[in-house]
Number of protein chains: 2
Amino acid sequence: MTVKSADAPSDTAVTAWARLLRTSQTLLAKVEHGLKQEGLPPLVWYDVLLELQGEKTGLRQFELQERMLLTQYNLSRLLDRIAAAGHLDRRPCPEDGRGQIYRITPSGRALLRKMWPVYRGLISEHFAEHLSESDCRSLARLLSKLPG
Amino acid sequence: MTVKSADAPSDTAVTAWARLLRTSQTLLAKVEHGLKQEGLPPLVWYDVLLELQGEKTGLRQFELQERMLLTQYNLSRLLDRIAAAGHLDRRPCPEDGRGQIYRITPSGRALLRKMWPVYRGLISEHFAEHLSESDCRSLARLLSKLPG
DNA sequence: ATTGATTTTATGCATATGCATCAACCTTGA
DNA sequence: TCAAGGTTGATGCATATGCATAAAATCAAT
């Protein structure tokens, strides 16, 4: 049986890895906290609505899943919640009786408009203000080398 | 009432932000999945045990909390679970009757030794192999500019 | 057409997390 | 000594997540 390569990463790599995990967890916590303080739903609601905003004809659940980092069962129940809050319209799919087509509602668009200024401010405060434009480009370039 | 600055971050910054979130979530999911596949506990167990490994005299819960990114109530229950699995020793603190002192047990050290090769391999596979040494140094330097 | 495999989605149950609150203890200052 | 306030940690309850599996529809191959 072949085993995947399990080379020891360099100390430099482990340091970078640890900092990546710690930084992203801290930033995410701060942003989620900031949204909650403003009485807004979690970031993942924003992501779902943003994906659907561009899709005039709506999307199936499995299509959303391909675009996002969520398990099937989590997405299923997340869509339940967002739809229950009135931000999604869920209608049966004519070509495939198994699924529904999800579309953003006017209320969902309004939520996006309400969340963005807050989200944007949090990105500035906790992220952008600490980096130069050149830093941002470098960071994006480095991250783009990684899977995902 | 004064309002926090809510400048619009540049497109470059938003792109870097989005990539940071997406990459770290993907990587974390892959590593957690890899650990689980080997029958090992989640990464946060490793983090707790690693913090305690260096502390001969043990740590209080609030000291661990300062070193880690966990809420008080989550840490409380996490320590319950790790201790229940036999990897932590929990004894009353003589100077402060409210708390206990947590110390890693031999079983905990064994778990660290068992997890590290797997964890190390996952860091290599999903992270280090995609970056040069110079990339890693640049990434760590950029991330160190951010809070956390 | 019919069968069998695959895809898509939902859900019961166990576990984990978030929030509010409580209990126990410590510290300070009269 | 005592009271008031702060710190440390645990927990009941609601919500969310993970896992396994079920249900329903589609697709492939005869």
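Heavy atoms only: backbone and side chains are in, while hydrogens, waters and symmetry mates are out. A note on names: the letters A, B, ... follow the listed sequences, proteins ahead of strands, and every chain is numbered from 1.
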Return no unless some side-chain N or O of A/K36 is found under 4.0 Å from OP1 or OP2 of C/dC19.
yes
Spacing between A/L75 atom CG and D/dC19 atom C1', to the nearest angstrom
17 Å
For side-chain contact (heavy atoms from CB on, under 4.5 Å), just list the numbers for A/K30 and A/T26, CA-CA rounded to whole Å, side-chain angles, deciding distance to a tenth of an Å, and then say yes or no.
CA-CA 6 Å; A/K30 289 184 180 191; A/T26 303; 3.7 Å; yes
Does A/N74 make a side-chain N or O approach to OP1 or OP2 of D/dG18 shorter than 4.0 Å?
yes
Between atom CZ in B/R81 and atom P in D/dG18, what is the gap in whole Å?
13 Å
N/O-N/O pairs, protein side and nucleotides 8-11 of chain D side, under 3.5 Å:
unit_1 : atom_1 : unit_2 : atom_2 : d
D/dT8  : O3'    : B/R60  : NH2    : 3.1
D/dG9  : OP1    : B/R60  : NE     : 3.1
D/dG9  : OP1    : B/R60  : NH2    : 3.3
D/dG9  : OP1    : B/Q61  : N      : 3.4
D/dG9  : OP2    : B/F62  : N      : 2.6
D/dA10 : OP1    : B/Q100 : OE1    : 3.4
D/dA10 : OP2    : B/Q61  : OE1    : 2.8
D/dA10 : OP2    : B/S76  : OG     : 2.8
D/dA10 : N7     : B/Q72  : NE2    : 2.8
D/dA10 : N6     : B/Q72  : OE1    : 2.8

Whole angstroms only, please: what is the CD-C1' distance between B/Q37 and D/dG18?
15 Å
How is A/E95 classified with respect to the nucleic acid when contacts are heavy atoms under 4.0 Å: base, sugar-phosphate, or nothing?
sugar-phosphate
Checking side-chain polar atoms at under 3.5 Å, does A/H87 have a donor or acceptor matched by the opposite partner on A/T105?
no
Residues which pass side chain to side chain contact (heavy atoms under 4.5 Å, CB included) with B/R90, listed by chain and number, not counting sequence neighbours
B/D80, B/A83, B/Q100, B/Y102
Is it the case that more than 12 heavy atoms not belonging to A/K145 sit under 6.0 Å from its NZ atom?
yes
Distance alone, cut at 3.5 Å: any donor-acceptor contact between the side chains of A/T12 and B/E133?
yes
Pair A/N74-A/T71, side-chain donor/acceptor within less than 3.5 Å:
yes
Between C1' on C/dT17 and CD on A/Q25, what's the gap in Å once rounded to a whole number?
14 Å
